[in-house]
Amino acid sequence: MALRLQTKFLKSFVGTHEYEAMKPLVEAAHKTLNSPNKWTGWLDLPVNYDKEEFSNIKKAASNIQKMCDAFIVIGIGGSYLGARAAIEFVKGASYNTMPKNTPGVYFAGNSIDPDYLSSLIQLCETKDVCLNVISKSGTTTEPAIAFRILKEIVEKKYGVEESKKRIFVTTDKNPATALKALALNEGYETFVVPDNIGGRYSVLTAVGLLPIAVAGCDIDKMMKGAAQARLDFAECDMDKNDCYKYAAIRNIMLAKGKTMELYASYKPDMLSTSEWLKQLYGESEGKDNKGLFPASVVYSTDLHSLGQYVQEGMRNIFETVIDVQNSRSSICVPFDEKNTDGLNFLSGKTLHEINRTAFLGTILAHTEGGVPNIVIEVDALDEENFGYFVYFFEKACGISGFILGVNPFDQPGVEAYKKNMFALLSKPDANGENLKRKQLLEEKLELLNK
Ligand code: PA5
């Protein structure tokens, strides 16, 4: 198995009877997740994916690799985080800085900040560029703005006809949706976000796979890993199914007042994977005034920052440590005759060994300090393990959400900021609601200024 749940550090925090009490809830969640549902296409995706689309993704990726040295992926939330996580997991967080890695993969449309976009615009001046705009709804403001700006730049640089070959669109298949209509109009190659897969569960569709393949990752291996996880975590038996057990433990923690789950890893290459986890769990469970708050740290970096809080701050935290058991590189601490830095006691040891010792020392200190620790062991950071990891956490999220009693597949709360922003920006609407809201918001802001 590529991933294992390790519960030995929970012994003093969770009793056997507490696991037993979760079993009926897990069974009910399993039934709900497996009953016909318009959002669970990702459950069988590792075996039931569109093979023709998959082969088109590989062809497009290979063309893109020949055409450009900067591939700009435009998307936000579930239409962005998975691809970034996968590329950094498999190829390393420094992917874009290594000259051998071409094309570089850059991300736009995940904010509205002009300074960030400006640096990508400068990139377009010096590099050969292709764009991939990704939006299931086709109407999300952040990527739509970035695409409008970058499309104009690409068209100026290459001309409208040549640009058609350099722009790729991943969106809903419905020709009536804004982005699909635009793609059809302009003649761009398109890829589909399946109807029954929501944004944050879509990394193993074209949403993630095209950028991931462009970065030179083997997407066959990724699907193979996910398919293995689908088999390994199918059975509704909490004692044998680590995925279900993890979902249960999260809910045990929440019931004990541990309201924050801190994803910890010891590898900067896991940073974006933690961002993906935070979005998956935060957007799936944070509703109806319930849910764990997902946060993340990279140790040992954050042992010199948030580590203090974890050790001695409010006791409302538990940690889920992703313990990657192998490293890609082997670097040793050299011997130094003078030993002025006093480090010769480490000479000959690998950084991997020392990092793992930091993990052991930290977990013992944190559990001693009253912070329960779940450990998820991962063999290595490669394609197969990424596919396996994604499936494990997606399924655990579905089960955990149903145990909690929320719908893990919607995100109604995301609309609130959009309504205000559109009203303040005077977005035209049929019934004049935006104008009324704008007046109310402006009055509110005026009162706050007094
Ligand atoms: O998980 C989700 O559904 C969201 O995070 C979406 O992915 C995000 O809001 C972007 O939506 P869209 O792909 O429609 O632009």
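Since we're looking at a predicted model, the values are computed, not measured. Atoms within a ligand are numbered from 1 in the order they appear, just like the ligands themselves.
- Both tests do not hold together for Lys395 against Phe392: distance to the six-membered ring centre under 6.0 Å, angle to the ring axis within 45°.
- Atom 7 (O) of ligand 1 has Gly78 N, 2.9 Å as its closest protein atom, hydrogens excluded (heavy atom only).
- Taking the six-membered ring for Trp and the full ring otherwise, Phe409 and Trp39 have centroids separated by 6.0 Å or more.
- A salt bridge between Glu433 and Arg437 is absent, with no side-chain N of the basic residue lying under 4.0 Å from a carboxylate O of the acidic one.
- For atom 2 (C) of ligand 1, the closest non-hydrogen atom on the protein side is Glu283 OE1, 3.1 Å.
- Rounded to the nearest 0.5 Å, atoms CG (Asn101) and CG (Asp69) are 12.5 Å apart.
- The protein heavy atom nearest to atom 11 (O) of ligand 1 is Thr140 OG1, 3.6 Å.
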Applying salt bridge (Lys or Arg N to Asp or Glu O under 4.0 Å) to Glu88 and Lys91, what does each step give before you reach the verdict? CA-CA 5 Å; Glu88 294 186 12; Lys91 297 280 178 181; over 6 Å; no
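- Annotation: cation-pi pair Lys245/Tyr19 present, NZ/CZ under 6.0 Å from the ring centroid and within 45° of its normal.
- Remark: among candidates Lys136, Gln279, Glu142, the nearest residue to atom 5 (O) of ligand 1 is Gln279, based on non-hydrogen atoms.
- A salt bridge links Lys58 with Asp220: the distance from a Lys NZ or Arg NE/NH1/NH2 to an Asp or Glu carboxylate oxygen falls below 4.0 Å.
- Counting the atoms of ligand 1 from 1 in the order shown, those under 4.0 Å from a heavy atom of Arg200 are 1 (O), 2 (C), 3 (O).
- Here is the list of ligand 1 atoms found below 4.0 Å of a heavy atom in Ser135: 12 (P), 13 (O), 14 (O), 15 (O).
- Using a 4.0 Å threshold on non-hydrogen atoms, atom 14 (O) of ligand 1 counts as touching the protein.
- Each of the following atoms of ligand 1 lies closer than 4.0 Å to a heavy atom of Gln411: 3 (O).
- Distances below 4.0 Å separate heavy atoms of Ser79 from the following atoms of ligand 1: 7 (O), 12 (P), 13 (O).
- Ile76 O, 3.6 Å is the protein heavy atom nearest to atom 8 (C) of ligand 1.
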